[in-house]
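Order of the sequence lines fixes the chain letters, A, B, ..., with proteins taken first and strands second; residue numbering starts at 1 for each chain. Note that the coordinates shown come from a computational prediction; the quantities given were computed from them, not determined experimentally.
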Amino acid sequence: MTDKKKFKILATLATVLTVLILSYNVLSEYFMPEIEGYLERRIYYEKVISKKGLSMHKGMYWKEKE
Amino acid sequence: MKNLKIILLITVIASAIAGYSMQVFLPEKKADERIYLKEIAPGIEFPEKKTNPPHYQSGEGITAFNTYDVVPSIRGYAGPIKILLALNPDGKIAGIKILDHKETKNYVHYMESQEYLRHFIGKSINDSFELDKDIDGISRATVSVEAMAKTIKESSRIVASDVLKIPVKPEEAKKAHGTGWITYLLLFSPAIVFYFITRKSKSFLRARDLSLVLSIPVIGLYLSSPFSILHVFNLVLLRPSSSMLWVIILASTIISIIIAGRFYCGWLCPFGALSEFIGRLPFKKWDIPVETDDRWRDLKYVLLGAAAVIVFISRRVEFGNYETYVTLFSFHGNYLAWSLVVITLLANLKVERFWCRYLCPVAALTGMLSRKDKGYPSRNDCPMGNKPMPLISECIRCNRCYKGRG
C-alpha cells in the first residue's frame with residue numbers, strides 16, 4: 001500500500017469521526033432522550049403490561065393510574 | 001481555495017442571520033419551573049409566582065426562585081447559569097437544580113450532577129460560599145463553579161433579605177478575579193517577545209521549544225484553557241464571560257493573529273506542542289503528494305464552516321465542539337471524541353502536525369485571518385510539513401525559515 005493510500009485512509013477515518021462527533025452533539029440533545037424514553041416504555045410494556053393483555057397506550061395510562 | 005473561503009463566509013453569515021431570526025421569531029423554550037419545583041421540594045405545593053423579587057412561597061414557608069430572575073448579570077464562562085433554588089424559612093438551602101447554562105459540557109459535567117449539587121444543601125445564606133473552603137472546587141471548571149457559587153450566594157441573600165426578612169452579613173472585600181490570567185500572560189508575553197527576537201536572530205529558536213513545553217502543563221493541564229473555537233462562537237453570539245482569563249486568552253490571541261498570524265498555533269497551543277513533539281520521534285514520515293496534501297488541508301475550513309452553521313442556527317455553542325484539545329485537557333469526552341484524540345496524536349508519527357494541518361478549527365480561523373508575509377518560504381524541516389512558498393494560512397511562524405521582508 002502506498003503512503004498516499006495510507007494517508008487517505010487515516011484522513012478519511014479522522015474526518016468520519018469528526019462528523020460523527022458533530023452529529024452526536026446535536027442528536028444526543030434532541031433525539032436520544034426521545035429514543036431512550038421510547039425504549040424504556042417499550043421494554044416496560046413488553047415485560048409487564050403486555051402480559052395483562054393491554055395495548056401500550058392503555059398500559060401506560062394504567063401505569064400512571066397505578 | 002479563495003472560492004472555498006468566500007462560500008464558507010457566505011454560508012456562515014447566512015446561518016448567523018437564520019439563527020438570530022429564529023431567536024426572534026421562535027423564542028427559546030424556557031425550562032418549566034413548576035416541574036422542577038416538585039423535584040427540589042417534593043410534596044410541597046407552591047401557589048402562583050410572586051414578585052419583588054420573583055419567587056414562589058409555600059404555606060410551609062419554603063421559598064423557591066430562579067436565580068436568573070434575581071441576579072441576571074452574574075455570568076460563567078459562557079453566560080448566566082440559571083438555577084432553581086429552594087430556601088428554608090431559616091435561610092438554609094433546601095433544594096437546588098440547574099435549569100440552564102451555556103458552559104462547555106466537557107468541563108462542567110460534574111458540576112451538573114446531583115452528587116455535586118448536594119454539597120449546597122443545608123448551606124446558610126450567610127456562609128461564605130468560597131471555593132475549596134466551604135465548597136468543593138472542580139479542577140478544569142473553576143470559572144463555572146465560581147460563577148455558580150456567586151449566583152447562589154448573591155441571589156439567596158437578596159431573597160432572604162427581601163422575602164424572608166433574615167439579616168444578611170455584609171460581604172468582605174475580595175479579589176475580583178483569580179490569578180489564571182496572570183499565569184497565561186506570563187507565558188504569552190515572553191513567547192511573543194521571543195517570536196520577534198527569532199525573526200531577527202536564529203540563535204534563540206529553542207525559545208519556541210521551551211514555550212511549547214510549558215504550554216502543555218500550564219495552558220493545557222493547569223489552566224485547562226487552550227484557545228478554542230468555542231471562545232469565538234461565544235463572542236459572536238454576544239455571550240462574553242465574566243472571567244478575566246477568558247478575556248485575556250481571547251484578546252491576546254486576536255492581537256497575535258493581527259500581528260503574527262498563526263503565532264498561537266506555533267508557540268502556545270498545548271495540543272500543537274504534543275503533536276509536534278510526537279512528530280519529532282524518529283519514525284519515517286509518509287510521502288504525501290503536494291496536491292493531495294493541499295486538497296486535504298481545505299478540510300479544516302469545511303469543518304469550521306459546518307460547526308459554525310450548526311452553532312449559529314441552534315445557538316448552542318457546545319454543538320460545535322469537536323476539538324481534541326477540549327476533550328484532552330478537560331479529561332472528558334465520549335468514546336468518539338477520545339478516539340479522535342488518540343488517532344490525531346498517533347497520526348503525528350507519520351504525518352507532521354496532522355490535526356493542525358487538516359482538522360483544527362482554530363487553525364482554519366487563524367489561518368484565514370493571517371496577514372500576508374513573504375518572509376516564510378518554508379524549508380525541509382518545517383514542523384507543518386509545508387511545501388516551498390506555502391500559503392501564509394499554513395505557516396505557524398516557527399521562524400526557522402524566516403528570511404526577512406526583503
side-chain contact (heavy atoms from CB on, under 4.5 Å) partners of B:Ser228, counting only residues at least two apart: B:Leu230, B:His231, B:Glu323, B:Tyr325, B:Val326
Is the CZ atom of B:Phe277 crowded by more than 12 outside heavy atoms at less than 6.0 Å? yes
If I compare all heavy atoms of B:Ala337 with all of A:Ile21, which pair ends up nearest, and what's the gap? CA-CD1, 3.6 Å
Closest heavy-atom pair, A:Leu22 versus B:Tyr322, reported as atoms and distance to 0.1 Å, is CD2-CD2, 3.7 Å
B:Phe354 and A:Ala14 have their tightest heavy-atom pair at CE2-CB, 3.8 Å
Given B:Thr344, B:Ile310, B:Asn321, B:Leu303, the one with more heavy-atom pairs under 4.5 angstrom with chain A than any other is B:Asn321
Chain A contact via B:Leu299 - side chain, backbone, both or neither, heavy atoms under 4.5 Å: side chain
Output the distance between atom CG (A:Leu17) and atom CH2 (B:Trp338), rounded to the nearest 0.5 Å. 14.0 Å
Proximity breakdown for B:Lys350 and chain A, heavy-atom pairs closer than 4.5 Å: neither
Tell me whether the count of non-hydrogen atoms from other residues, nucleotides or ligands lying under 6.0 Å of NZ in B:Lys38 goes above 12. no
Heavy-atom pairs under 4.5 Å with chain B: which of A:Val26, A:Thr2, A:Val19 has the most? A:Val26
Can a donor-acceptor pair be found, under 3.5 Å and without considering hydrogens, that links the side chain of A:Asp3 to the backbone of B:Trp286? no
Taking only residues two or more places apart in sequence or in another chain, which ones pass side-chain contact (heavy atoms from CB on, under 4.5 Å) with B:Thr292? A:Lys4, A:Phe7, A:Lys8, B:Ile288, B:Pro289, B:Trp296
Rounded to the nearest 0.5 Å, what separates atom OG1 in A:Thr18 from atom OH in B:Tyr358? 14.0 Å
